[in-house]
K.L.:
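Please see the structure below; I have some questions.
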Amino acid sequence: MIQTSRIIHVDLAQELVIHVPFPKSLGKRLANYVPAPRAISAIGLAKALENSEKCELVDFKTPEHWLWTDAQLESELESNPIRRHRRKLGKWKEVRDRSYELIQPFVERCTVQEILEHPDLQSWPAQRAQELGLKSGIKIRRALQAYLLGLGDKRALMPGYANCGAPGQQKFSTKDTGRPTIAARMLGEKKHKPNLSPEARAKLALGWQRHKTKGVSDRVALAKTLNDYFVKSVTPSGQGIKVELLPEAFDISQAMFAYWGLRSQQTLRSIELNRGLLPSRDETLRRMHKARDRYDTLNGVAYIDSTSTDQTLISSIHPLKRLKSPWRTEVLGASIDYIFGIYVGFEAASATTALLAILSAATDKVDMCARFGHIIEPRDWYGSTFNMFEADNGEAKNKLTMYTLQELSTSASYGKVYDAINKAPNESGHHQRQKRNDHLLPGTTMGRTKIRGEANRIEAAGLRFEDYMHLLIGEILRHNNEEYLDPPRIEMYPKIKERTRRGVVEWMIDHHYLSSSPMDIDVLRVTCLPRFEASMHTDGIHLFVPGSGGKRLIRRLVYRSDYLLLQGLLHQSRRKVGRLLVHMNPMDLSHIWANIDGLKRFDLATGDQDFEGVTLMDWLAISEDDRLARFLANRFEKQHLADKLANVENRYKVGKRAQQQAIKTHGKLTKTGMKRDVRAMTEMEKAILTGVPVKQSLPWESQEADKAEKLLSEPQMVPQTQPNSSNDLWLDIAAQIYENHSGGPNG
């Protein structure tokens with residue numbers, strides 16, 4: 001027996017270790033009883049840990065149902081209509097909350113150490129049960145011990161239902177299920193359990209295999225099965241044999257018989273039996289032919305499938321950080337397993353990755369190989385479009401892929417679920433290719449989880465994504481161009497250039513072993529491009545900043561075309577801005593694609609030719625830098641305006657103080673007096689500023705000039721007559737003129 005416990009408290013002062021044993025596992029369910037905390041010697045535990053065969057210390061793995069939030073318990077599984085389940089998580093939450101209410105006064109606002117050191121730990125459950133009017137404190141004690149097992153986590157009070165009701169598991173009940181029959185309602189008869197036992201289900205499966213043959217209906221096969229396995233007694237009589245069936249036999253319907261009879265993969269349905277098929281048909285076909293032998297043309301059929309790369313890579317930005325394992329999607333020619341296209345990325349397998357692999361198969365790979373350090377010619381890696389694609393029921397079976405292939409006039413077929421007879425060769429060949437490249441690299445996962453005692457993969461990792469792609473492309477080039485291959489047809493032997501996959505491909509091209517396939521792949525190119533949120537305004541289509549939730553537009557990226565002007569779509573945007581999705585290559589901002597009454601191209605409305613070499617990431621960085629510069633400039637503008645207004649206010653106060661001083665000296669002037677002698681005062685001010693002497697007073701102006709001279713006070717003229725009062729020569733000259741005009745420095 002292996003006993004597992006969780007250490008919940010360590011007291012080094014008293015050399016004690018407190019642990020709580022886990023509930024026992026009874027088959028697929030967990031025992032409800034949680035043992036009480038136990039204390040052992042810390043020294044004894046340390047000695048026991050020296051022998052790893054007897055005692056071992058491992059990290060605690062939190063059960064999955066402890067991690068569910070309240071929102072997930074209420075809606076997560078119930079909102080998924082694809083996977084059927086019987087779990088009622090709302091009741092799980094009710095059980096947890098009721099258990100916590102029993103112990104809440106004792107554990108609330110207390111740590112695990114405080115609970116363990118409380119003097120009433122043993123007697124409190126009985127006292128609490130007496131307060132609540134319960135017969136015993138078993139439920140309270142169980143909740144308290146489960147709470148300690150979870151280290152004060154309320155979710156540890158969740159009932160042990162995690163292994164019950166999972167998808168694909170059979171349900172067995174000890175209570176009557178289903179609605180009452182009419183006999184139970186009208187006659188009061190006991191209703192038998194329609195929930196079949198494991199033995200009854202096995203008998204139905206055996207009866208289906210034995211009696212369900214061609215020409216035998218489900219009703220007759222069920223009756224024969226009941227006579228074989230559900231008979232209570234057989235009584236001969238003068239009129240024949242009387243059979244008495246077991247009570248549970250009357251609750252078995254034809255639907256139940258067909259359901260449990262078809263649970264095995266070896267059984268056939270009624271329509272398959274009528275067609276004369278045999279259960280061994282798949283094995284027979286596997287022995288007769290291989291999937292690749294059904295096709296003769298180069299580009300008639302292609303296989304597409306995705307797999308993990310089984311890698312532990314390091315970041316090129318921070319070499320001490322690891323990355324997730326990338327995913328690889330391959331496109332293989334059906335005739336010779338020539339790898340026509342590939343896509344490797346950190347995105348999970350999806351419709352986009354499948355379309356990117358198809359696009360890679362249809363285009364030239366010279367630039368891609370040069371990016372990762374391989375200089376090749378176009379004949380080293382051929383590209384091709386295909387008439388049909390065969391895939392499994394995974395990433396390639398979705399509306400986006402089907403729509404794109406339909407627009408390309410290409411078809412797709414998908415294999416039967418849980419049946420490998422139509423399985424593509426690349427699905428079963430992933431492991432062979434991974435053994436030649438992926439599993440030879442340091443830090444590989446080998447396609448499995450880490451085994452106890454195995455070296456840490458993170459410490460062994462040392463390859464970047466670029467390094468892995470260089471090695472992977474080199475292996476693909478060897479697979480296509482160097483690996484030996486027997487010519488699949490006898491007629492290839494005389495004129496084949498080389499006995500490799502490339503040689504077979506070139507022979508098929510020269511001898512026109514080709515199928516009709518689409519030549520225009522613009523739809524494929526556009527569909528594979530990333531999608532961005534956009535809006536149509538009066539001046540064109542604007543793109544939103546990725547990740548902004550459709551709230552912030554990208555500056556200066558406006559796209560237009562003649563189609564928008566001729567159809568009046570821009571004018572309609574004056575009333576309401578329309579939202580749409582566009583396709584754009586982040587490496588090329590010169591144009592976008594949008595599905596507006598069909599796929600159409602829109603060009604960037606700009607006269608700056610340098611936009612052709614700017615990527616979306618670069619432009620967003622430039623825009624963010626401009627936003628920062630604009631923000632800082634706005635701060636400077638606010639600071640400048642505040643300083644300016646303060647300076648104006650200060651100088652205005654100085655001028656007002658000068659006016660008050662003049663009023664004290666000369667008295668306050670009337671409005672008429674302030675307006676008088678404007679011309680004379682302006683002439684004198686001009687003389688000071690320009691250094692040009694005041695012009696001679698005219699006869700009719702002599703009186704006004706004399707009045708203006710009287711307005712000049714001695715304190716105002718004295719600072720201007722000092723020879724060192726100014727460093728400007730013209731001010732000194734002006735001061736001398738005024739001294740001469742007024743009769744000297746003393747007036």
Side-chain angles (χ1 to χ4, degrees), residues 341 343 350-368 383-385 398-410 517-548 550 552-574 576-620 622-623:
Y343 176 76
S350 61
T352 303
T353 58
L355 293 176
L356 287 171
I358 296 175
L359 178 62
S360 173
T363 55
D364 187 80
K365 268 77 69 177
V366 175
D367 295 338
M368 182 191 73
S384 175
T385 55
N398 51 77
K399 291 184 178 180
L400 179 61
T401 305
M402 293 180 180
Y403 167 78
T404 306
L405 296 180
Q406 181 182 359
E407 293 294 320
L408 289 173
S409 300
T410 300
S517 59
M519 300 302 296
D520 187 9
I521 59 174
D522 285 340
V523 176
L524 179 60
R525 294 179 187 273
V526 173
T527 309
C528 293
L529 293 176
R531 292 179 290 274
F532 296 88
E533 294 185 9
S535 60
M536 185 178 297
H537 299 259
T538 56
D539 57 343
I541 299 176
H542 294 249
L543 303 184
F544 288 99
V545 176
S548 66
R552 186 157 55 92
L553 297 175
I554 303 177
R555 295 190 318 110
R556 295 179 58 185
L557 292 188
V558 184
Y559 297 87
R560 290 194 295 267
S561 69
D562 296 339
Y563 176 81
L564 297 178
L565 298 174
L566 297 177
Q567 297 297 324
L569 298 178
L570 298 181
H571 180 72
Q572 296 177 8
S573 301
R574 293 177 179 270
K576 183 178 180 180
V577 175
R579 291 292 188 96
L580 69 158
L581 289 177
V582 301
H583 298 267
M584 183 182 68
N585 183 4
M587 306 298 293
D588 184 8
L589 304 182
S590 61
H591 60 275
I592 61 173
W593 300 81
N595 190 359
I596 304 177
D597 296 332
L599 199 61
K600 294 179 176 57
R601 170 173 169 163
F602 303 93
D603 297 323
L604 180 63
T606 180
D608 192 348
Q609 301 297 328
D610 293 335
F611 263 105
E612 297 179 358
V614 178
T615 64
L616 179 60
M617 182 182 296
D618 296 337
W619 179 244
L620 290 177
I622 295 173
S623 300

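Every value quoted in this text rests on a predicted model; they were computed, and no experiment measured them.
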K.L.:
Go through it in stages, so that I can follow the logic: the residues are Leu604 and His591, the test is side chain to side chain contact (heavy atoms under 4.5 Å, CB included), and I'd like the CA-CA distance, side-chain angles, deciding distance and then a yes or no.
P.N.:
CA-CA 6 Å; Leu604 180 63; His591 60 275; over 6 Å; no

K.L.:
Return the CD1 to CZ distance between Ile592 and Arg531, rounded to the nearest 0.5 Å.
P.N.:
14.5 Å

K.L.:
Between Ile541 and Ala534, which heavy-atom pair has the shortest distance, and what is it?
P.N.:
CG2-CB, 3.9 Å

K.L.:
Between the main-chain N or O of Gly341 and the side-chain N or O of Lys365, is there a donor-acceptor pair closer than 3.5 Å?
P.N.:
no

K.L.:
For the residue pair Leu359 and Thr363, what are the closest heavy atoms and their distance?
P.N.:
O-OG1, 2.9 Å

K.L.:
Enter the distance from Phe544:CZ to Arg552:CZ here, rounded to the nearest 0.5 Å.
P.N.:
11.5 Å

K.L.:
Closest approach of Ala594 and Leu580, non-hydrogen atoms and distance?
P.N.:
CB-CD1, 4.0 Å

K.L.:
Search all heavy atoms of Leu564 against all heavy atoms of Met536 and return the closest pair with its distance.
P.N.:
CD2-CE, 3.8 Å

K.L.:
Testing the basics here: between Tyr563 and Ile596, what is the closest heavy-atom pair and its distance to 0.1 Å?
P.N.:
OH-O, 3.8 Å

K.L.:
Looking only at atom types and distance, does a side-chain atom of Arg560 sit under 3.5 Å from a main-chain N or O of Asp539, one as donor and one as acceptor?
P.N.:
yes

K.L.:
Would Tyr559 and Leu543 satisfy side chain to side chain contact (heavy atoms under 4.5 Å, CB included), going step by step from the backbone distance to the final call?
P.N.:
CA-CA 9 Å; Tyr559 297 87; Leu543 303 184; 4.0 Å; yes

K.L.:
To the nearest 0.5 Å, what is the distance between CG on Leu569 and OG1 on Thr538?
P.N.:
13.0 Å

